[in-house]
Amino acid sequence: MTATATQGPVSVEQASAGAGGPPVRVTEPFTAVVFGATGDLTARKLVPALFRLSRGGYFVAPFAVVGVGRRDKDDARFRAELGDAVRTLAAVEGGADWDRFAGSVFYHRADFTAADGYAALARRLGEIESGRGKLGNRLYYMATDPDHVPAVVERLAGAGLFAPGTSTPWTRAVVEKPFGRDLASALALDRHLLRFLREDQLFRIDHYLGKETVQNLLAFRFGNGIFEPLFNRRYVDHVQITMAEGDGMTGRRGAWYDRAGALRDVAQNHLLQLLALVAMEPPASLGADDIRAEKVKVLRNLVPVREADVTRRVVRGQYGPGVVGGEPARGYRDEDGVAADSATETFVALRAEVDNWRWAGVPFLLRAGKRLPRRVTEVAVEFKRPPTGLFTAPVRGGGLCDRGCDCGPTCECCNAGGQPNALAFRLQPDEGISLSFAAKRPGMRLALGPVRMAFGYAGSFDGPVPEAYERLLLDALRGDPTLFLRSDEVAAAWAFVDPVLTAWRDGPPPLFPNYAAGTWGPAEAGHLAGGCRAVWREA
Ligand code: BG6
């Protein structure tokens with residue numbers, strides 16, 4: 001069974017503008033200044049996103065993209081390297097589009113950790129802008145090692161490159177996650193940045209919020225009447241959030257990742273943001289503050305993980321050698337830039353609970369890992385089983401239940417009967433939503449089989465799904481903070497994660513590696529929900 005759009009194809013423009021809404025465009029001239037211009041993020045995400053936005057007609061006025069980096073190169077070489085990277089990503093159909101865009105791309109060599117280079121940067125920006133509308137609107141994107149961000153912002157301010165008191169021209173800074181390393185450092189970073197910037201100039205990015213399917217969580221929940229009444233502890237058994245990656249340490253990631261780990265890298269931000277979107281109450285409006293206020297309430301209502309509970313509620317893992325997608329994969333400790341005795345986790349699974357009227361007692365099971373069997377991100381809401389096991393008589397009274405555990409007559413799995421109903425939001429790949437339920441199998445016996453009703457973006461809407469960074473850059477350039485994090489959200493997420501970091505830091509060292517590359521992580525992750533009550537779905 002397949003759900004298709006009933007109004008015919010929807011263009012990218014209509015989709016991003018919202019039905020009947022005004023076109024979403026950047027109408028003023030601007031300069032996007034990217035610190036960390038020679039890094040992976042710039043070549044793989046930021047420049048391709050700016051290029052697609054420009055090609056799609058989202059920039060109405062002249063613009064410039066200025067990369068700031070330490071390496072020695074000129075504009076021509078920078079453009080050529082980016083052109084190669086963009087072509088590898090298959091973002092360019094015809095060379096002429098790229099050539100037109102590349103004419104607005106510049107490179108400025110500077111050691112941005114040194115204070116004396118900022119006057120030269122100011123001059124260079126002035127020169128570039130003088131032929132392009134000269135408004136001085138600037139977006140400073142921090143694509144650098146997070147450790148450099150405080151100094152870069154301070155020095156930009158020192159050189160008069162932020163305009164804190166005014167909104168014309170506007171100046172904004174985009175800061176990548178993770179925002180800090182723990183609660184204390186996140187608060188200190190915030191205090192530091194807010195000495196030089198106003199809150200409305202500071203865009204804390206979590207690129208998951210820019211994913212079309214993540215935004216669709218809100219659309220699905222609050223734009224339809226049939227499902228939302230089921231989203232509460234009366235009907236929902238538990239929620240599973242999986243972010244699995246087949247890749248290990250790509251590019252030059254190893255050294256940075258080894259100081260971070262999965263909890264800081266993706267759980268504190270991406271996974272908790274997904275949880276907040278699934279669990280939040282309907283916002284008063286779609287305005288930035290109303291949405292963020294509801295998310296922060298959820299994050300503040302997370303039941304704290306006491307240090308004594310860490311082993312029961314959190315499982316960490318690190319991959320050893322194995323096979324991923326048929327190819328041999330080395331273990332984490334053999335990756336470039338990683339310590340040979342590293343105790344950094346490349347996998348984390350945890351059990352969260354939201355202590356409010358809607359969700360009290362409903363487990364939210366979260367997991368993320370590198371070098372898992374495949375790349376898949378999914379949010380699945382599993383509903384409670386029917387109250388009687390009408391269709392599961394053979395397993396009544398004990399024996400193996402349909403979940404494969406030998407759990408006896410009192411087990412909820414056996415007695416409640418049948419496959420659980422599940423609503424799964426597939427964020428990537430194959431973006432879409434599916435509903436699983438039971439149907440009678442054809443034949444003379446009254447036996448049930450699981451079936452799925454599925455909606456896929458690819459089959460239902462026309463045109464490509466915009467990349468997260470396209471949407472977020474467009475919003476930052478327009479000054480719309482809705483899909484960016486407010487400081488209280490960041491703090492609430494760190495407050496939840498902090499005790500786990502402390503327990504890991506102070507406890508005995510982990511026995512790593514404890515899962516082979518190409519498997520679903522350590523076996524203990526399967527028991528997070530307690531007993532056989534809930535096991536991970538096959539994502
Ligand atoms: C980033 C993490 O935020 O998200 C990376 O730092 C991870 O470690 C990446 O690989 C995954 O993003 P996506 O969009 O490919 O799921």
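Bear in mind the structure is a predicted one, so any value in this text is a computation, not a measurement.
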For the residue pair [X] and [Y], establish whether any side-chain heavy-atom pair is separated by less than 4.5 Å.
{"X": "V305", "Y": "L350", "result": "no"}
{"X": "F484", "Y": "I205", "result": "yes"}
{"X": "H207", "Y": "H270", "result": "yes"}
{"X": "R316", "Y": "P510", "result": "yes"}
{"X": "L272", "Y": "L366", "result": "yes"}
{"X": "W504", "Y": "E345", "result": "yes"}
{"X": "L501", "Y": "R264", "result": "yes"}
{"X": "F347", "Y": "Y319", "result": "no"}

* Structure fact -> Exactly one candidate in V266, T213, N269, T377 meets side-chain contact (heavy atoms from CB on, under 4.5 Å) with Y208; the answer is T377
* To do: Specify whether F59 and F30 have parallel, tilted or perpendicular ring planes, treating 30° as the upper limit for parallel and 60° as the lower limit for perpendicular.
  =>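 F59 vs F30 ring planes: perpendicular.
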* **Plane angle bin for F101 and W98 - parallel if under 30°, tilted between 30 and 60°, otherwise perpendicular** =>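 W98 and F101: tilted rings.
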For [X] and [Y], indicate whether the former's side chain and the latter's backbone hold a donor-acceptor pair under 3.5 Å.
{"X": "R155", "Y": "G117", "value": "no"}
{"X": "R221", "Y": "V278", "value": "yes"}
{"X": "Q215", "Y": "G210", "value": "yes"}
{"X": "R252", "Y": "D336", "value": "no"}
{"X": "D206", "Y": "L485", "value": "no"}
{"X": "R375", "Y": "E245", "value": "no"}
{"X": "R132", "Y": "F63", "value": "yes"}
{"X": "R333", "Y": "S342", "value": "yes"}

Taking all heavy atoms of [X] and all of [Y], pick out the closest pair and write down the distance.
{"X": "A329", "Y": "A517", "value": "CB-CB, 4.0 Å"}
{"X": "L275", "Y": "A352", "value": "CD1-CB, 4.0 Å"}
{"X": "P499", "Y": "A495", "value": "CD-O, 3.3 Å"}
{"X": "W256", "Y": "P178", "value": "CZ2-CD, 3.6 Å"}
{"X": "N137", "Y": "E129", "value": "O-OE2, 4.4 Å"}
{"X": "V68", "Y": "A110", "value": "CG1-CB, 4.1 Å"}

Indicate yes or no: does [X] engage [Y] in a salt bridge with an N to O separation below 4.0 Å.
{"X": "D247", "Y": "R253", "answer": "no"}
{"X": "D145", "Y": "R70", "answer": "no"}
{"X": "D97", "Y": "R100", "answer": "yes"}

* Asked: Is it true that atom CG of L286 has more than 12 heavy atoms of other residues, nucleotides or ligands lying nearer than 6.0 Å?
  ->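 For L286, atom CG is not crowded (no more than 12 foreign heavy atoms under 6.0 Å).
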Taking the six-membered ring of [Y] as reference, does the cationic atom of [X] (NZ for Lys, CZ for Arg) lie under 6.0 Å from its centre and within 45° of its axis?
{"X": "K45", "Y": "Y469", "result": "no"}
{"X": "R79", "Y": "F106", "result": "yes"}
{"X": "R172", "Y": "W170", "result": "yes"}

Which value, rounded to the nearest 0.5 Å, describes the distance between [X] atom [atom1] and [Y] atom [atom2]?
{"X": "D147", "Y": "T113", "atom1": "CG", "atom2": "OG1", "result": "12.0 Å"}
{"X": "H108", "Y": "R123", "atom1": "NE2", "atom2": "CZ", "result": "8.5 Å"}
{"X": "F203", "Y": "L197", "atom1": "CZ", "atom2": "CG", "result": "10.5 Å"}
{"X": "K211", "Y": "L217", "atom1": "NZ", "atom2": "CG", "result": "12.5 Å"}
{"X": "F35", "Y": "F112", "atom1": "CZ", "atom2": "CZ", "result": "7.5 Å"}
{"X": "L474", "Y": "R52", "atom1": "CG", "atom2": "CZ", "result": "13.5 Å"}

* Give the C-alpha distance, both sets of side-chain angles, the deciding distance and a yes or no for salt bridge (charged side-chain N to carboxylate O under 4.0 Å, His left out) between E294 and K297. => CA-CA 5 Å; E294 294 305 335; K297 276 192 224 162; 3.2 Å; yes
* To do: Please step through salt bridge (charged side-chain N to carboxylate O under 4.0 Å, His left out) for the pair D498 and R505, ending with a clear verdict.
  => CA-CA 10 Å; D498 247 18; R505 188 196 59 207; over 6 Å; no
* With sequence neighbours left out, which residue pairs that include part of residues 114-136 fulfil the ring-ring contact (aromatic ring centres under 6.0 Å, His included) condition? -> none
* To do: Would you please test V153 and Y140 for side chain to side chain contact (heavy atoms under 4.5 Å, CB included) and show each step?
  => CA-CA 9 Å; V153 170; Y140 297 104; over 6 Å; no
Do [X] and [Y] pair up side chain to side chain, a donor and an acceptor below 3.5 Å, judged on atom types alone?
{"X": "T171", "Y": "Q201", "answer": "yes"}
{"X": "Y141", "Y": "T42", "answer": "no"}
{"X": "T31", "Y": "R138", "answer": "no"}

* **Step-by-step side chain to side chain contact (heavy atoms under 4.5 Å, CB included) determination, M249 to K370** => CA-CA 8 Å; M249 295 302 108; K370 300 271 187 196; 4.1 Å; yes
* Asked: Do E81 and R77 pass the salt bridge (charged side-chain N to carboxylate O under 4.0 Å, His left out) test, and can you show the C-alpha distance, the side-chain angles, and the key distance before you say yes or no?
  -> CA-CA 6 Å; E81 284 171 2; R77 177 141 166 244; 3.1 Å; yes
* Test log, rule side-chain hydrogen bond (donor to acceptor under 3.5 Å, both in side chains), inputs T346 and Y257 -> CA-CA 9 Å; T346 58; Y257 191 90; 5.7 Å; no
* Apply side chain to side chain contact (heavy atoms under 4.5 Å, CB included) to R204 and E489, showing your working. => CA-CA 10 Å; R204 303 174 193 83; E489 282 183 85; over 6 Å; no
* Tell me, with the steps shown, if N216 and F425 meet side chain to side chain contact (heavy atoms under 4.5 Å, CB included). => CA-CA 9 Å; N216 198 37; F425 300 86; 5.5 Å; no
* For salt bridge (charged side-chain N to carboxylate O under 4.0 Å, His left out), just list the numbers for D75 and R124, CA-CA rounded to whole Å, side-chain angles, deciding distance to a tenth of an Å, and then say yes or no. => CA-CA 12 Å; D75 292 343; R124 182 83 201 279; 3.1 Å; yes
* **Given D289, D200, D290, the one that forms salt bridge (charged side-chain N to carboxylate O under 4.0 Å, His left out) with R486** => D289
